[in-house]
Amino acid sequence: MLAFPRNLFGPRLFIAGGIVIVAAATGIALRTIVLPMTQGPAAQPRAATGGPAAVVQTAPARTGTISALLSYAGAVQASQQVNVVPRANGIVKEIPVEVGQSVQRGDVLAILDAGILPDQLRLALGARDVALARLAAIRAGARPEDVAAARAQLEQARSRLDGLQTGRIEDVQSAQSGLDAAQARLDLMLAGGRPESIASAQATLDGARARLALLQRGPNPDVVQAAQSAVDSDRAAVTSADLALANIGNTSPADVQAAQAAVESDRAALVSADAALSNLASQYQSDLQAAQSAYDAAVAAANNARAAQAQARAPSDLSLSQAEAALSKSQSTLSAAQSSLTTLLQGVGSSSPCFRATATASASNQTACDSALVAANQAIASAQDDLQSQQAALTQLKAGGSAQSAATVQSQVQTAEATLRSARAKLESTKAITLESKQAQAQATLDAARNKLDADQAKLAALQLSGVDAQRSQLAQERLKSDQSKLDQVLGGSNVEDIQAAEAAVRDAEQKLALAITPNTEQDIRAQRAAVEQARQQYEKSLSPATASDLQQQQQVVAQMQAQLDGRANPYTTADLEGAIAAVAQANAAVDVAQSSLDQMYILAPFNGVVSAKLLAPGAFSSQAAPMLTLVSPDVEVHITVEEARAGSLIRGQAVQLTSPAFPSTLFSGIVSNIAPVGDVRSHTFDVTIKPTDAGGSLLPGMFTQVQVTASQVNDAVLVPREAVIQQGGAPGVYVVVDGKAQLRRVETGLTDDKNVSIVSGVSAEEAIIVVGQNTVRDGQSVQAPGGRGQAQGQGAARGPGAGS
């Protein structure tokens with residue numbers, strides 16, 4: 001048996017009949033033999049060895065489960081119970097709960113009068129919206145249209161500066177041509193006379209010297225023959241000219257004049273074609289640059305139009321923030337107007353025109369009150385109209401603006417794209433025809449003009465043939481006279497005048513040869529050098545036509561445009577952003593403070609529970625020192641006090657059973673939810689919390705309960721009836737029937753309940769144990785059951801269940 005000292009139990013623990021042991025062994029059947037009141041001689045068995053056999057009752061030792069239970073007393077308590085107090089002082093406006101009402105965590109238990117706190121919250125919200133709009137504007141950065149305009153102005157200023165620094169292409173090309181021509185003329189002058197002029201002058205000099213030598217030597221047969229041949233040739237030419245003149249018909253002057261006009265026109269066309277070919281390169285570059293500039297301008301215009309359309313379709317964050325801020329402001333205005341009307345209708349505040357001393361009293365000045373109510377209603381209507389207008393504006397902004405503005409922007413985009421397509425086509429067509437092909441076309445035009453001029457000149461020559469033949473006849477006659485005179489002179493010999501004339505001709509030819517070799521004087525060369533220098537200065541001026549002051553001024557303009565672009569691209573500094581963020585944080589803090597102050601007017605349930613008491617009524621002044629009501633949780637728990645010696649037998653989550661006098665026939669289940677980590681240093685006890693698991697609201701705070709805890713349990717233990725164990729010599733033992741005799745066994749016992757004792761050693765299962773008469777028999781004494789079945793029963797019990805039946 002388990003024996004526990006009484007002084008180990010705490011004041012709240014009592015033992016019902018000592019330690020109550022519940023037998024868990026199943027299927028143990030006591031084979032009871034009923035002793036008859038009167039027995040005949042045949043019913044008296046004889047002992048196996050001398051003397052009569054003792055009559056006993058036996059039961060087999062069985063295997064089963066045995067448990068040791070601990071019993072404690074405890075009271076049912078609510079797991080949570082609080083006295084609810086407000087977080088701020090104020091007048092109790094409403095307590096919407098009643099005693100016994102169940103509430104959920106977060107439900108409103110009481111409401112205090114908020115006063116001006118809602119207005120303060122609306123002001124804080126409006127200030128936050130303004131701060132958010134400012135922050136959104138700073139984070140959005142520059143507006144694309146402002147940056148595009150500033151960039152266009154910068155490009156224009158740079159283009160003007162480039163023009164001042166490099167000059168126009170056509171001016172540069174013209175100055176370059178003038179410089180090249182002047183330099184070529186100077187090079188020609190420095191190189192001396194032209195070879196063909198020198199050769200002609202040399203030939204003239206050689207002829208003059210030959211004539212002089214001829215005159216000085218006198219005529220020879222060859223000279224006479226040459227002079228005679230010249231006269232004969234002249235006579236033949238005169239005859240031929242006379243015949244040709246006789247064969248040519250009459251030609252009208254109008255035909256000759258028309259042919260002459262055609263030749264002049266052809267010459268003008270030839271000059272124009274030659275000039276077009278010469279200027280083709282510069283003209284081609286100018287046309288190409290103009291087409292490229294027009295295309296670039298069209299691209300910029302199309303991009304600007306598309307950007308405007310994209311901005312209209314997707315408004316910037318700043319625009320949305322401003323519209324939302326305006327909408328929030330309208331909502332705040334409407335809320336304030338409605339709050340003012342509510343205040344007037346409630347008649348609170350001695351300064352209100354609708355003030356009423358009591359809830360049922362009328363306003364002190366009904367006329368002023370009516371006027372104030374009308375004004376408040378008008379303010380609400382105006383605020384509602386403004387709210388609808390702001391909402392419509394925000395909706396329209398998100399949708400991309402009005403239909404008319406969208407159509408206008410779309411039209412601008414289409415126009416810009418059409419211009420862009422036209423400029424692209426012109427640029428592509430300009431680039432498609434290369435400079436070489438244009439030059440080839442110009443060359444072909446020049447060749448055609450030259451061929452036409454040759455044809456028209458031939459026609460004119462044919463028309464003028466008659467006059468030419470007449471002149472030819474006259475010239476032939478004059479040449480005949482001259483050559484005849486020369487022949488006569490040769491035949492007549494040279495005279496002094498002829499020799500002097502020939503000498504003068506030689507000197508004149510020598511001078512002309514010297515002039516052909518050196519056609520320009522030093523003064524002419526200096527003048528041409530000056531012309532080249534002047535052409536070079538003109539060329540340099542065309543490269544940089546502006547003065548230093550003009551360039552400096554334009555550079556300053558470019559710097560200003562660059563600074564303007566930088567300012568519009570980055571309109572806000574880091575300090576501005578940090579300041580805006582700080583302002584938003586400050587505004588959020590103000591909103592949180594206002595919201596927290598307003599939230600404190602609502603007292604909320606801290607947990608799921610039941611209102612057990614209302615301590616204040618509406619109209620009373622509430623503070624943190626005056627609880628408003630008491631709230632208890634629906635969950636209950638039982639606290640028991642466990643002695644130190646049994647504290648180790650309990651663990652968290654361990655199952656227990658509970659009973660209550662309120663429900664005598666009901667057994668409740670529970671678990672050990674908590675064991676105090678620190679015990680009482682004086683009583684050496686520990687507080688243990690039990691959570692009922694299936695009470696279903698039956699157990700209420702304040703009820704008394706009995707808690708039974710399974711301290712230990714042994715399975716497959718050898719069990720004998722509790723009364724079979726006897727104490728001999730201070731040690732436990734049992735009598736076992738073996739071969740019809742009682743045999744004393746010393747045993748080691750384990751757990752004990754109210755019916756059975758577990759045998760750790762000394763007895764095996766199925767052995768026959770004496771359960772009646774064990775206190776009178778002796779070790780080795782013969783025993784039998786009434787009717788002579790004791791021996792058979794003992795032997796059968798030793799073999800197994802039911803063997804002796």
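Both backbone and side-chain heavy atoms feed into the values below; hydrogens, waters and symmetry mates do not. In this chain, residues are counted from 1 in sequence order.
- A 4.5 Å side-chain heavy-atom check between L205 and K512 finds every atom pair outside the cut-off.
- For the residue pair G141 and Y572, the shortest heavy atom distance occurs at O-CE1, 4.4 Å.
- Residues forming a salt bridge (charged side-chain N to carboxylate O under 4.0 Å, His left out) with E417 (at least two apart in sequence, or on another chain): R306.
- The heavy-atom pair separating V147 from L565 by the smallest distance is O-CD1, 3.6 Å.
- Closest approach of A580 to I138, counting heavy atoms only: CB-CD1, 3.4 Å.
- Between the side chain of S429 and the backbone N or O of A425, at least one donor-acceptor pair lies under 3.5 Å.
- In this structure, NZ on K329 lies 16.0 Å from CD on E324, to the nearest 0.5 angstrom.
- One finds the CD atom of Q538 at 12.5 Å from the CD atom of Q176 (value rounded to the nearest 0.5 Å).
- Residue Q552 holds its CD atom at 7.5 Å from CD of Q555, rounded to the nearest 0.5 Å.
- For E533, the CD atom counts as densely surrounded, since its 6.0 Å shell holds more than 12 non-hydrogen atoms of other residues, nucleotides or ligands.
- Judged purely by atom type and a 3.5 angstrom limit, T415 uses its side chain to pair as donor or acceptor with the backbone of S411.
- Remark: L420 CG to R424 CZ distance equals 4.0 Å, nearest 0.5 Å.
- In this structure, L135 and I581 approach most closely via the heavy-atom pair CD1-CG1, 3.6 Å.
- Between I525 and L186 the shortest heavy-atom distance is O-CD1, 4.0 Å.
- Taking every heavy atom of both residues into account, A325 and D129 meet most closely at CB-O, 4.3 Å.
- No donor-acceptor pair under 3.5 Å is formed between the side chain of D508 and the backbone N or O of A504.
- Applying the salt bridge (Lys or Arg N to Asp or Glu O under 4.0 Å) rule to pairs touching residues 561-581 yields nothing, sequence neighbours excluded.
- Under the rule for a side chain to side chain contact (heavy atoms under 4.5 Å, CB included), V271 has no partner lying at least two apart in sequence or in another chain.
- Applying the side chain to side chain donor-acceptor pair (under 3.5 Å) test to Q153 and every residue at least two apart in sequence or in another chain returns Q564.
- Distance check, rounded to the nearest 0.5 Å: CZ of R526 to CD of Q528 gives 13.0 Å.
- Checked against side chain to side chain contact (heavy atoms under 4.5 Å, CB included), E540 has the following partners two or more places apart in sequence or in another chain: R536.
- Considering only residues two or more places apart in sequence or on other chains, V557 meets the side chain to side chain contact (heavy atoms under 4.5 Å, CB included) condition with A157, Q554, M561.
- The number of heavy atoms from other shown groups lying within 6.0 Å of CD (Q156) does not exceed 12.
- Here the straight-line distance linking atom CD of Q560 with atom CG of L154 works out to 11.5 Å at 0.5 Å rounding.
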